[in-house]
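Right, one structure below, let's go through it.
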Amino acid sequence: MVSVASWNINSVRLRMPIVERFLTEQSVDVLCLQEIKCQEHQFPYEAFRKLGYEHFAIHGQKGYHGVATVSRIPLKEFSRHDWQDNGEARHVGVELTGPGQDMVIENVYVPAGGDVPDREVNTKFGQKLDFLERMTRWADAIDRPTLIVGDFNIAPLESDVWSHKQLLKVVSHTPLEVETLGKFRDAHGWTDIGREFIRDPDRYYSWWSYRSKDYRVGDRGRRLDHMWASPDLAKMATAHHVHEDARGWEKPSDHIPLVTEFDL
DNA sequence: ATGGTAGCTCGGCTA
């Protein structure tokens, strides 16, 4: 049995108290973090080692973005893709070398894409689409069982957002983004593990904005975080957990952790 | 129609 978690942590240094709480309570084998907002040398390695997590693949940068895969199972880092071609730290790929041997885990932080869903007036939106298209070309060539997790910054289904109608022109839920993410899915035949366990049209959110006093009011959430697996690997998934309570913890991230368990 | 909050770092960007 191998369990893998994904969590956009919005500064790993500031968030260590709730990371410790999560790891102590859930005891996952591998934790994939996005938005660590620090450089490799600033990463809180010791705090993780004390909890039994001694294997790391960190791709950081100063102040923004950054991803980290932390594990109590030995791993080997084997790739850092720059699908935006601008030097931002948004991906790290590892291969487990202990239990769950040969499993590949890709940890990705897709660009948010700015406010205006038009690449002519908003460069960031174009960069987001370009990132997804380069990732799609990469996925087309994958030839081993792979799990890709992270903050995709897209909520593809109507049941992934609090109001489909009100978010149709909001970056993260526009038809163009959903179509572009659909091409990525089709390039490898990914299985959306979250939706295998919480079927459409059931409500499933992983993010609530900080820009309201109480995230519970109106429940204006979106499912921006995902765990997608190669078809054969997806068949080995035995459970999926959405830790919504973490949004209400002390000094929370605006995203919550997702966990998938595999019988390998 | 607008502005609302958070983090990094100390002005302004990113989300």
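Since the model is a prediction, treat every value here as computed from it, not as a measurement. Note on naming: letters A, B, ... go to the chains in the order of the sequence lines (proteins, then strands), and numbering restarts at 1 for each one.
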query: Nearest-Å distance, CG (A:Asp254) to C1' (B:dT14)?
result: 12 Å

- prompt: Given atom CG of A:Asn86 and atom P of B:dC13, what is their separation to the nearest angstrom?
  reply: 16 Å

query: What integer number of Å spans the P atoms of B:dT14 and B:dC10?
result: 15 Å

task: Compute the ring centroids of A:Phe22 and A:Trp7, then answer whether they are less than 6.0 Å apart.
output: yes

field: Atom-to-atom span, CE of A:Met16 to C1' of B:dG7 - whole angstrom
entry: 17 Å

- request: Report the nucleotide, chosen from B:dA6, B:dC8, B:dT14, that has the shortest atom-to-atom distance to any side-chain atom of A:Arg15.
  value: B:dA6

message: Looking at B:dC8, I'd like to know if its phosphate oxygens (OP1 or OP2) sit under 4.0 Å from a side-chain N or O belonging to A:His65.
response: no

query: OP1 or OP2 of B:dT14 sitting under 4.0 Å from any side-chain N/O of A:Lys124?
result: yes

task: Taking the six-membered ring for Trp and the single ring otherwise, decide whether the centroids of A:His91 and A:His59 are under 6.0 Å apart.
output: no

message: Heavy atoms from C-beta onward define the side chain here; which of B:dT14, B:dT5, B:dC8 lies closest to that of A:Leu14?
response: B:dC8

- prompt: What's the NE2-C1' distance between A:His255 and B:dA6, to the nearest Å?
  reply: 11 Å

message: Using OP1 and OP2 only, check whether a side-chain N or O of A:Ser11 sits under 4.0 Å from B:dC8.
response: yes

message: Is the distance from the ring center of A:Phe152 to that of A:Tyr109 below 6.0 Å?
response: no

message: If you assign A:Lys213 and A:Asn153 each to the DNA chain B nucleotide with the nearest heavy atom, which residue ends up on the more 5' nucleotide?
response: A:Lys213

message: Could you tell me how far apart A:Asp214 (CG) and B:dG4 (C1') are, to the nearest whole angstrom?
response: 14 Å

Euclidean distance, atom CD of residue A:Gln42 to atom C1' of B:dG7 [Å, nearest integer]: 13 Å

- line: Atom CD of A:Gln84 and atom C1' of B:dA15 are separated, to the nearest Å, by 13 Å

message: For a salt bridge (charged side-chain N to carboxylate O under 4.0 Å, His left out) check, start with the C-alpha distance between A:Glu133 and A:Lys183, then their side-chain angles and the critical distance, and finish with the verdict.
response: CA-CA 8 Å; A:Glu133 279 159 19; A:Lys183 286 178 184 162; 6.0 Å; no

- prompt: A:Tyr215 near the nucleic acid: base, sugar-phosphate alone, or nothing, with a heavy-atom cut-off under 4.0 Å?
  reply: nothing

- prompt: Is any side-chain N or O of A:Tyr64 under 3.5 Å from a base N or O of B:dC13, one able to act as donor and the other as acceptor?
  reply: yes

query: Is any side-chain N or O of A:Arg90 closer than 4.0 Å to OP1 or OP2 of B:dA15?
result: yes

statement: DNA chain B nearest-nucleotide lookup for A:Lys251 and A:Asn8: closer to the 5′ end is A:Lys251

query: Do the charged groups of A:Asp202 and A:Arg195 touch, with an N to O distance under 4.0 Å?
result: no

statement: Rounded to whole Å, CD of A:Glu88 lies from P of B:dC8 at a distance of 17 Å

Pairwise C1' distance for B:dG4 and B:dA15, with rounding to whole Å: 14 Å

- prompt: Hey, does A:Arg222 reach any base, or is it just sugar-phosphate, or nothing, if we go heavy atoms under 4.0 Å?
  reply: nothing

- request: Determine the Euclidean distance between corresponding P atoms of B:dG7 and B:dG3; express it in Å to zero decimal places.
  value: 22 Å

- request: Determine, for A:Arg72 against A:Glu54, whether the closest basic-nitrogen to carboxylate-oxygen distance falls under 4.0 angstrom.
  value: no

